[in-house]
Amino acid sequence: MAFDLEVDAKGLKCPLPILRAKKALATLESGQVLKVVATDKGSVRDFQAFSKQTGNELLGQTDDGEVFVHYMKRR
């Protein structure tokens, strides 16, 4: 998936991946896509909730069991 900015949140525990994503999204323009790479298993649920709370669209999530990748589109 194409993206405009990537945040490496590997090794960080909740809530740091979300906080890094929030800060990065603030630098993007409406419609741009953020990719967040995390290792915290809880980040899957966290990003789903974050999307609902903020109105930023969660375009997709992938994982290989160890690394979780989240794609969000800025509202």
Side-chain angles (χ1 to χ4, degrees):
M1 183 177 300
F3 58 91
D4 299 290
L5 181 62
E6 180 174 348
V7 171
D8 182 356
K10 290 182 282 206
L12 301 177
K13 297 290 183 192
C14 179
L16 291 176
I18 291 292
L19 294 175
R20 296 266 172 99
K22 183 177 179 181
K23 187 175 180 179
L25 282 167
T27 69
L28 296 177
E29 295 181 18
S30 182
Q32 288 188 306
V33 176
L34 174 66
K35 175 183 177 181
V36 181
V37 182
T39 51
D40 182 6
K41 190 163 74 170
S43 68
V44 174
R45 286 188 320 272
D46 293 344
F47 275 90
Q48 292 167 357
F50 179 68
S51 174
K52 288 178 184 173
Q53 290 173 349
T54 63
N56 294 300
E57 184 180 355
L58 184 61
L59 299 175
Q61 295 176 298
T62 63
D63 77 84
D64 65 6
E66 292 183 21
V67 177
F68 304 88
V69 181
H70 315 279
Y71 294 92
M72 296 196 80
K73 183 191 284 187
R74 176 146 161 81
R75 62 184 169 148

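Computed from heavy atoms alone, side chains included, the values below leave out hydrogens, waters and symmetry copies.
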Review point. What closest approach, in Å, do Phe47 and Pro17 show between heavy atoms, and which atom pair accounts for it?
Key: CZ-O, 3.9 Å
Check your understanding: According to a 4.5 Å side-chain heavy-atom criterion applied to Ile, Leu, Val, Met, Phe, Trp and Tyr, with indirect links allowed, do Val69 and Phe3 form part of one hydrophobic cluster?
Key -> yes
Point to revise | Check: Arg74 side chain, Leu25 main-chain N or O, donor-acceptor pair, under 3.5 Å | key: yes
**Study point:** Side-chain heavy-atom pair Val37, Glu6 within 4.5 angstrom cut-off
**Key:** yes
Exercise for review: Decide whether Leu58 and Ile18 are clustered together by the hydrophobic rule: side chain heavy atoms of Ile, Leu, Val, Met, Phe, Trp, Tyr closer than 4.5 Å, transitively.
Suggested key: yes
**Study point:** Contact list for residues 36-58, test side-chain hydrogen bond (donor to acceptor under 3.5 Å, both in side chains), sequence neighbours left out
**Key:** Ser43-His70, Gln48-Gln61, Thr54-Asn56
Check your understanding: Can you get from Met1 to Phe68 by hopping between Ile, Leu, Val, Met, Phe, Trp and Tyr side chains that sit under 4.5 Å apart?
Key -> no
Review point. Who pairs with Ala24 by side chain to side chain contact (heavy atoms under 4.5 Å, CB included), at least two apart in sequence or on another chain?
Key: Leu5, Val7, Leu34
Review point. Quick one: NZ on Lys73 to CG on Leu28, what's the gap to the nearest 0.5 Å?
Key: 12.5 Å
